[in-house]
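To start, the structure itself, in structure tokens.
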There are 2 protein chains.
Amino acid sequence: MLKTKKRYDCAAGCPVEVTLDLIDGKWKGVIVYHLLSGTLRFNEIRRKLPSATQRMLTRQLRELEECGLVLRTVYAQVPPRVDYALTEEGRSLEEIVRAMHAWGERRLERLAQVQAAA
Amino acid sequence: MLKTKKRYDCAAGCPVEVTLDLIDGKWKGVIVYHLLSGTLRFNEIRRKLPSATQRMLTRQLRELEECGLVLRTVYAQVPPRVDYALTEEGRSLEEIVRAMHAWGERRLERLAQVQAAA
DNA sequence: CGGAATCCCACAGGATACTG
DNA sequence: CAGTATCCTGTGGGATTCCG
């Protein structure tokens, strides 16, 4: 997922994969979603994603940083403090991420209805 | 990815993951993208995704079918013929997928510029 | 033509423990 | 607080072969 995984040498549809590559990976999508609301410290993000392990969070955040979607700011102080914020490019994902959020909600509603019917 | 992988029991951001779950997975995004243009036969899809293996394509298509995003139609004839089309729900992803496509293209342009600078 | 069956491996991701 | 460091497992995904 990170580095040169070069999933695509394929035909015309690949920009879709370019985007997916950056945003897929278990937690990245949600992280970006939460960062849309503003800068967050590491543990704040953790609290928003209770079922993500610490290790996974740091890794996903680092990958997001690597692709230039997230800005990581370390304050030289004790106890440590690290802020995560979207970069300009990261924020440019807003439309997509919000759309995914809305779609996901509708999907959940639909599923709930199907459940209810049974 | 298929079945009840239930990635999320998490907090508020999860609908994002719901969506990602359906559309991630190496080829699903691109498949949906191509199906936006209309129904395709198996080998037509293959031709659009040269670097996807046959096995992967069928698997991803089946998963898409399972989630109700893609409709698979088998014609009882020899040689066989199988059509793949988006369901209503699948087509409702259009906005997202197109947005991802557009974003990916811009991303590629940006990367190209950075390359050129170096 | 549109697969299914097998074999195989890298690595995403979890659990747990330690640290400046 | 915000991480590393290890160890371990599942499975996503590739390659290849066979089939109605």
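Reminder, nothing fancy here: chain letters follow the sequence lines and each chain counts from 1. Side-chain atoms are counted along with the backbone in the values below, which use heavy atoms only and exclude waters and symmetry mates.
Rounded to whole angstrom, the span from the CD atom of Q77(B) across to the P atom of dG20(D) amounts to 19 Å. The NZ atom of K26(A) sits 14 Å away from the P atom of dG10(D) (whole-angstrom rounding). dG12(D) atom P lies 16 Å from atom CD of E17(A), rounded to whole Å. Between the CE atom of M56(A) and the C1' atom of dT9(D) there is a distance of 13 Å, rounded to whole Å. A straight line from CD of Q60(A) to P of dC11(C) spans 16 Å, rounded to a whole angstrom. The CG atom of L20(B) sits 15 Å away from the C1' atom of dA12(C) (whole-angstrom rounding). Summarising the geometry, the separation between CD1 on I31(A) and C1' on dG13(C) is reported as 13 Å, rounded to the nearest angstrom. In this structure, E63(A) atom CD and dA12(C) atom P are separated by 7 Å, rounded to whole Å.
Between R106(A) and P15(B) the shortest side-chain heavy-atom distance does not fall below 4.5 Å. R72(B) is listed as a side-chain neighbour of V82(B), based on a closest heavy-atom distance under 4.5 Å. The closest side-chain heavy-atom distance from L49(B) to W27(B) is below 4.5 Å. Between R98(B) and Y33(B) there is a side-chain heavy-atom pair separated by less than 4.5 Å. L86(A) is listed as a side-chain neighbour of V70(A), based on a closest heavy-atom distance under 4.5 Å. Counting only heavy atoms from C-beta outward, the side chains of M100(B) and V32(B) never approach each other to under 4.5 Å. Residues R62(A) and R59(A) form no side-chain contact, since every pair of their non-hydrogen atoms from C-beta on lies 4.5 Å or further apart.
Looking at every heavy atom in both residues, A52(B) comes nearest to L57(B) through CB-CG, 4.0 Å.
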Treating primed atoms plus P, OP1 and OP2 as sugar-phosphate and everything else as base, which nucleotides of nucleotides 1-6 of chain D get B, S or - for protein heavy atoms under 4.0 Å?
BBBSBB
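Rounding to the nearest 0.5 Å places NZ of K26(A) at 8.0 Å from OG of S51(A).
Within the helix from dC1(C)-dG20(D) to dG20(C)-dC1(D), the inter-axis angle between the opening and closing five-pair segments is 60°, rounded to 10°.
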